Amino acid sequence: MLQGKNIVLGVSGGIAVYKVVELLRLLTKAGADVHIIMSKNACEFVTPLTFQTLSGHPVHTDLFSLSQEQEIDHISLADRADLFILAPATANLVGKISQGLADDLLTTSVMATKAPVLIVPAMNSNMYENPIYQRNQNDLAGLGYHILEPVNGALACGWDGQGKLPDPTVIFGAVESVLTAKDMLGCHVLITAGPTREEIDPVRYISNYSSGKMGFAIATAAQQRGAQVILVSGPTNLTVPTGVRCIPVISADEMYSVVFDHLENIDVVIKAAAVADYRPVDRSVQKMKKTADELTLDLEKNPDILTELGQQKEDRVLVGFAAETERLLVHAAEKLQKKNLDLIVANDITQDGAGFDVDTNIVRLLHADGRVEELEKMSKSQVAQRLLDRVMVLWKAK
Ligand code: CTP
């Protein structure tokens, strides 16, 4: 999504500058063309050379540097931008912008731009809570500036509180969000992700290799497109996307209860979770001891959440997943029909780049009207976007 986007990254002085170096790396890796403006104080924390090397462009530091102004004047920098990011944004910078002051290259360029501006403040927590600062920030938010709030934690000044710059991956998510058209506003989506775990005893369980990456990518994309998202997730190592309500679950039974408890007002259900089909008939309260040479576990069927959703479908759009190792289209088509789905995402997990715990997928989309779309190998975020494009068509047709 960021491929070819022209981004101006304005860096003001603060210890968090080092994290912005990582943000720059993420932006350029995603294909964005990033131009850096550093305030004088920012240069005290990290040298312009670091940003220059990673961005591949000269860093702009001083409004009155004649040589730089000949090459690119600040107005053209502001004009060409698809997005302006201010990170870290100090109290001073936020104060100046909110008062319409433009006394250096950074503030002048922000004032001259018509691009969306994402402000990522970072400062001492007392400064952040100061009513004057809060008034300035609220004024800017009211004028349409995007604000990514700082997070809680131990601050470099020795305080503990809200003021830390969010993780670069979180800022990156906010950048994508600002640049994404909000075509899913008003749509309520429930997504399931990850594996389920069926306990045998307090130390052992039955599960599968699902990482949750596909479901989390769909949740991220839907949130960025303006949807209200509930993510019901089995155990994963993934970070909950900003703005998504995540309800963690362990077993299939728990997932079943949470899904049906949250169905009210839901327009779209996307079941990306790899639900364990069976669970032990009895869960041992104590750790099972190694005694006999052989052990047989009695298993019973878990509820099929998607089948039941299909039976109580009403006017919801219902999307399932089919991860198969053979006869992909036959199995997926059977599930589509048996579970009363609108769409099923089928992938052959034996293919390179399509299995569990990788960042790519190779999928086919099978529609209820018999159409089959074959998508090339792409990142799970791209699959998520394509899938949501189809979901939106189905939702609008209901
Ligand atoms: N699913 C579900 N509840 C279950 C099992 C599966 O909701 N107990 C959902 C999955 O989230 C997925 C779809 O059904 O969207 C297909 O899951 P899959 O495991 O591929 O199919 P099953 O119906 O379990 O059939 P099989 O294991 O025989 O392939």
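First listed ligand is number 1; within each ligand, the first listed atom is number 1. All values derive from a computational prediction rather than experimental measurement.
Looking only at heavy atoms of the protein, atom 27 (O) of ligand 1 is closest to Asp277 OD2, 2.8 Å. The protein heavy atom nearest to atom 18 (P) of ligand 1 is Lys335 NZ, 3.6 Å. Regarding atom 13 (C) of ligand 1, its nearest protein heavy-atom neighbour is Phe321 O, 3.2 Å. Regarding atom 22 (P) of ligand 1, its nearest protein heavy-atom neighbour is Lys339 NZ, 3.8 Å. Residue, atom and distance of the protein heavy atom nearest to atom 3 (N) of ligand 1 are Ile305 N, 3.1 Å.
Minimum heavy-atom separation, Val120 to Pro166: CG1-CD, 3.7 Å. Nearest heavy-atom pair across His35 and Asn6 is CD2-OD1, 3.5 Å.
Residue contact check: Pro303 has heavy atoms under 4.0 Å from atoms 3 (N), 4 (C), 8 (N) of ligand 1. Close approach to Lys271 involves these atoms of ligand 1, each under 4.0 Å from a residue heavy atom: 2 (C), 7 (O), 11 (O), 12 (C), 15 (O). Atoms of ligand 1 found under 4.0 Å from any heavy atom of Leu306, numbered from 1 in the order shown, are 2 (C), 7 (O), 9 (C), 13 (C), 14 (O), 15 (O). Remark: ligand 1 atoms within the under-4.0 Å shell around heavy atoms of Gly320 are 15 (O).
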Evaluation steps, salt bridge (Lys or Arg N to Asp or Glu O under 4.0 Å), between Asp183 and Arg225: CA-CA 6 Å; Asp183 63 343; Arg225 289 167 74 153; 2.8 Å; yes
Working for salt bridge (Lys or Arg N to Asp or Glu O under 4.0 Å), residues Lys313 and Asp342: CA-CA 10 Å; Lys313 194 168 172 189; Asp342 296 286; 3.2 Å; yes
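Taking the six-membered ring where the residue is Trp, the centroids of Tyr18 and Phe45 are separated by 6.0 Å or more.
Here Glu314 pairs with Arg316 under the salt bridge (Lys or Arg N to Asp or Glu O under 4.0 Å) rule; sequence neighbours left out.
The shortest N or O to N or O distance between Glu324 and ligand 1 is not under 3.5 Å. Residue Ala274 has no nitrogen or oxygen atom sitting less than 3.5 Å from a nitrogen or oxygen atom of ligand 1, judged on distance alone.
Counting only residues at least two apart or in different chains, salt bridge (charged side-chain N to carboxylate O under 4.0 Å, His left out) contacts with residues 241-260 comprise Asp253-Arg279.
Assignment of Ala273 to the shell around ligand 1 is supported, since a heavy atom sits closer than 4.0 Å. Under a 4.0 angstrom heavy-atom cut-off, Met255 registers as lying outside contact with ligand 1.
Residue-level proximity to ligand 1 for Ala272 is absent, since no heavy atom of it falls below 4.0 angstrom. Within the 4.0 Å heavy-atom criterion, neither part of His331 lies near ligand 1.
For atom 1 (N) of ligand 1, the candidate residues are Asn302, Asp304, Ile344, Asp253; the nearest heavy-atom contact is made by Asp304.
Atom OH of residue Tyr205 and atom OG of residue Ser251 lie 13.5 Å apart, to the nearest 0.5 angstrom.
With hydrogens and angles left out, the side-chain atoms of Thr180 and Ser177 include no donor and acceptor closer than 3.5 Å.
Leu309 pairs with exactly one of Leu190, Asp304, Val259, Leu341 by the side chain to side chain contact (heavy atoms under 4.5 Å, CB included) rule, that one being Val259.
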